[in-house]
Amino acid sequence: MTKILKVAVSVPLRRLFDYVPPAGTDAADLKPGVRVEVPFGRRRKFGMLMGLADEPEVDRGRLKEASAILDSEPLLSPDDLRLLSWASRYYHHPIGEVVAAALTVLLRKGSAAEWAGERLLRPSTEDLASAEQACARAPRQAALIRLLREHPNGVPHSRLGELDWDWRSAAEGLIRKGLASWCENREADAPACHSAVSPPFTLNPDQQEAIAAVRAALGAYTAFLLEGVTGSGKTEVYLQLTQEVLARGGQIMILLPEINLTPQLQARFRSRFSVPVAIFHSGLTEAERRRSWLGMQRGEVSILLGTRSAVFMPVKSLGMIILDEEHDTSFKQQDGFRFSARDVAVMRARLLDIPVVLGSATPSLESVYNVSQGRYRHLRLPHRAGGAAQPGFRLLDIRGHRLREGLSPALIAYIAETLARGEQALLFVNRRGFAPTLTCHACGWVARCRRCDANLVVHAGDHRLRCHHCGFEQSLVGSCSGCGSEDLRPLGLGTERVEKALGEIFPGARAVRIDRDSTRRKGRLEALLNDIHEGRVDILIGTQMLAKGHHFPRVTLVGITDVDSGLYSTDFRSGERTAQLVTQVAGRAGREERMGTVVLQTRHPGHPLLHVLIREGYSGFAKACSEERRAALLPPFAYQALWRAEASDIEAPRRFLERVANLANQRTSRDLQVLGPVPAPMARRAGRQRYQLLFQSGLRNLLHGNIEALLPRISELDEAKRVRWSIDIDPIDLY
DNA sequence: AGCACGCCGACT
DNA sequence: GTCGGCGTGCTC
């Protein structure tokens, strides 16, 4: 009896599809991990062969024949497939979409997986002018030669593909005449610096100890939490660990939270190692992504720097995974397939039996908990390299003080002193725009978004009102739409407003604003950072962007205008986030020999966690905050899964989630809490009503078992058809 | 998710 | 009379 192909197709259905092998193909020759072209409904799709079976799960009469096998060798190894199956089960996400997340768009669309580098047609002679004459009777060959003259280093295959005539025959003609040849450009991303291998830096004892511990674990699974204060030399540890992995003939994957962090690190890796370094993030073109992907898959590239989407990339002989800034929430995909690249990385290391290193100056409470449970090994780098001092904290009680655009007289004085010393000050403001609200002083009307439960944000720069949640915008109105009064006032603080105020208070100072608005244009952020480093800036005003990874050696004062907004919030994780943010922003100050000061404006100077953070630093905070979580039975002491539903109909999401809650309660277990449904924190967004339902349990298996049992019944519900719903395992934003 | 089938309003 | 609105049903 012929074998049945079990194929993952990229559709939101939680199952595999059975096919008969294409005519003339013996299923016995097929290995899982090859792509299969299949008829699917009325369409053709590309799927992934996940396995072979003796019997189909549907009637034989319903089976169709697969149309083609795309790959002679598997694109994904059994290890890769095991990881994807685990992720599909753990995140309760359709297998086809999970597999799609491991491929690039071109590979998903059936593109060939033949060469990692782009093929180039390169001239074989210097004298192209006479070569063109020699081809006078072959106009197409002559045309190709003119193209070769424009690209003396070779015409990329993709460029040839843009020609609307038969360039292949012409190229073959040129090759026969010895005028051109094909070559493979495997290192298009990595020119020049391959030969320059800079020597490693000398390590301090902490770094030596950390490296020795990880080195000893090579070849087997261990998860490490590398807790290193800002400036403690984590990157050097990563570089030397990379060296260790390469020396053993392995490949290494280094995952980072943001694209804008990669260039500096990329430069450091490229100047240190003589092997190709591949990059993988959403800013690359599809051809570049495929090149990096195939380079790692075939083992031709040894080092990968990538963002969360790279965690599923196949790697021929992966020796170690490093994930830097492990606390960063951008490792969690927030839509569609909601995986955590950090947790997937740990599971991948476990399945492959290799070490994984999670680095951070401010580890997540989840990772701190895993250390306390003995699941992760703790490595510490508590000292700043070069002996730079840790910044000093000052709590500024702003109660009863007259503020000028959110700035207290004391903070203004601190800034003045800093400027007088010729040093830079950094102001952290957690909202972009001029003011988060526009209100009518006469009647109290507030500018609201018509599609969301949110206020419109005033942008003074271009005189517009914007909704930061759905993208709605309109020009700044001149009068109240309620009472007609023209006394409209911006309420609250945004980066633009603080920038304007500082310009008035310090007219001679050069202030720059760094937020999504001021850095939207390509290259703008780099230009601003360059100005800052060259000392052409006195005051920096910015959002979270300033807290991430950038080094500002000239900054000696950091001001946080409003810590309270992060301390008092409905989200139980906001305290942890605020402490991470404060510590990270503080880490930007007082590099090298200059001592930094961090000033926190607050109306709650007695807040216990704030005090712990200042007195004992982040690890003291983490301990205290963990105790609160333990007492409240919140993560990491409980496991959560969040059901979300949205629809334009007001009732549908609530009715659907009530059905889910009922089904869950039928399976009663005291160990599973079903909380809700409740309206999402912003119940209406982009014109859709949003509800959520939280499952929580101290027992992970029980939580997952319940979800698994529920899912088939939920898919069949009539209510499910009227909403868009999803499930988020280990949610980090309860929104 | 796509894509088609299917039944009700304003247009050549 | 038809083009097209998006409800609902299916994909081995």
Side-chain angles (χ1 to χ4, degrees), chain A residues 1-27 30 32-70 81 84-85 87-88 91-110 286 309 312 333-339 451 643-653 655-656 659 686-690 711-728:
Chain A
M1 201 42 138
T2 175
K3 292 263 189 185
I4 300 300
L5 312 185
K6 311 290 286 184
V7 180
V9 183
S10 180
V11 284
L13 299 170
R14 289 162 211 278
R15 58 177 164 277
L16 294 170
F17 292 85
D18 295 349
Y19 286 89
V20 175
T25 306
D26 185 350
L30 291 177
V34 298
R35 290 172 298 166
V36 192
E37 189 181 2
V38 292
F40 193 75
R42 264 154 262 244
R43 319 170 263 170
R44 293 199 160 277
K45 297 212 72 162
F46 295 103
M48 178 62 65
L49 181 64
M50 300 300 284
L52 299 158
D54 291 322
E55 287 303 321
E57 278 172 60
V58 293
D59 292 341
R60 278 203 172 254
R62 285 179 67 193
L63 291 186
K64 290 181 184 170
E65 184 184 304
S67 20
I69 305 293
L70 270 73
L81 296 176
L84 294 171
S85 303
S88 169
Y91 290 105
H92 302 279
H93 197 79
I95 181 69
E97 293 192 343
V98 172
V99 170
L103 302 179
T104 75
V105 170
L106 288 172
L107 293 164
R108 273 201 301 272
K109 289 198 295 197
E286 281 306 326
S309 56
F312 292 110
Q333 182 130 70
Q334 290 291 18
D335 48 62
F337 172 26
R338 308 178 107 102
F339 66 95
R451 308 176 66 213
W643 301 84
R644 298 165 213 268
E646 60 170 64
S648 36
D649 173 17
I650 301 176
E651 291 296 304
R655 272 205 306 267
F656 166 69
R659 291 282 288 161
R688 302 174 68 85
Q689 300 291 329
R690 302 149 72 237
L711 276 169
R713 303 181 60 188
I714 285 166
S715 311
E716 286 166 9
L717 290 176
D718 284 342
E719 286 88 343
K721 289 165 192 155
R722 286 185 254 282
V723 299
R724 259 170 52 182
W725 65 270
S726 65
I727 180 148
D728 187 352

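Residue numbering restarts at 1 for every chain, and letters A, B, ... go by the order of the sequence lines. Atom set for the values below is all heavy atoms of this structure, side chains included, hydrogens, waters and symmetry mates excluded.
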>> Is it the case that atom CD in E286(A) sees more than 12 heavy atoms from other parts of the structure closer than 6.0 Å?
In response: yes
> Between R43(A) (CZ) and dC5(B) (P), how many Å, whole number?
Replying inline: 14 Å
>> Tell me which pairs pass ring pair (Phe, Tyr, Trp, His ring centres under 6.0 Å) where either residue lies in residues 32-55 of chain A, with sequence neighbours left out.
In response: F17(A)-F40(A)
> Taking only residues two or more places apart in sequence, or in another chain, which ones meet K45(A) in a salt bridge (charged side-chain N to carboxylate O under 4.0 Å, His left out)?
Replying inline: none
> Considering residues at least two apart in sequence or located in another chain, which fulfil the side-chain hydrogen bond (donor to acceptor under 3.5 Å, both in side chains) criterion with E65(A)?
Replying inline: none
> Near DNA chain C, which residues from residues 5-18 of chain A have a heavy atom under 4.0 Å away?
Replying inline: L13(A), R15(A), F17(A), D18(A)
> What does Y19(A) touch in the nucleic acid at a heavy-atom separation under 4.0 angstrom: a base, only the sugar-phosphate, or nothing?
Replying inline: sugar-phosphate
> salt bridge (charged side-chain N to carboxylate O under 4.0 Å, His left out) with R108(A): which residues, sequence neighbours excluded?
Replying inline: none
>> For R688(A), give me all partners under side-chain hydrogen bond (donor to acceptor under 3.5 Å, both in side chains), at least two apart in sequence or on another chain.
In response: E646(A)
>> Students should find this one: the first and last nucleotides of DNA chain C, 5' to 3', lying under 4.0 Å from a heavy atom of chain A. What are they?
In response: dT11(C) to dC12(C)
> Taking only residues two or more places apart in sequence, or in another chain, which ones meet R724(A) in a side-chain hydrogen bond (donor to acceptor under 3.5 Å, both in side chains)?
Replying inline: none
> Who passes side chain to side chain contact (heavy atoms under 4.5 Å, CB included) against A102(A), sequence neighbours left out?
Replying inline: L84(A), F312(A)
> Base, sugar-phosphate alone, or nothing: which one does P56(A) contact when heavy atoms must sit under 4.0 Å apart?
Replying inline: nothing
>> Please report the distance, rounded to the nearest Å, between CZ in R44(A) and P in dG2(B).
In response: 18 Å
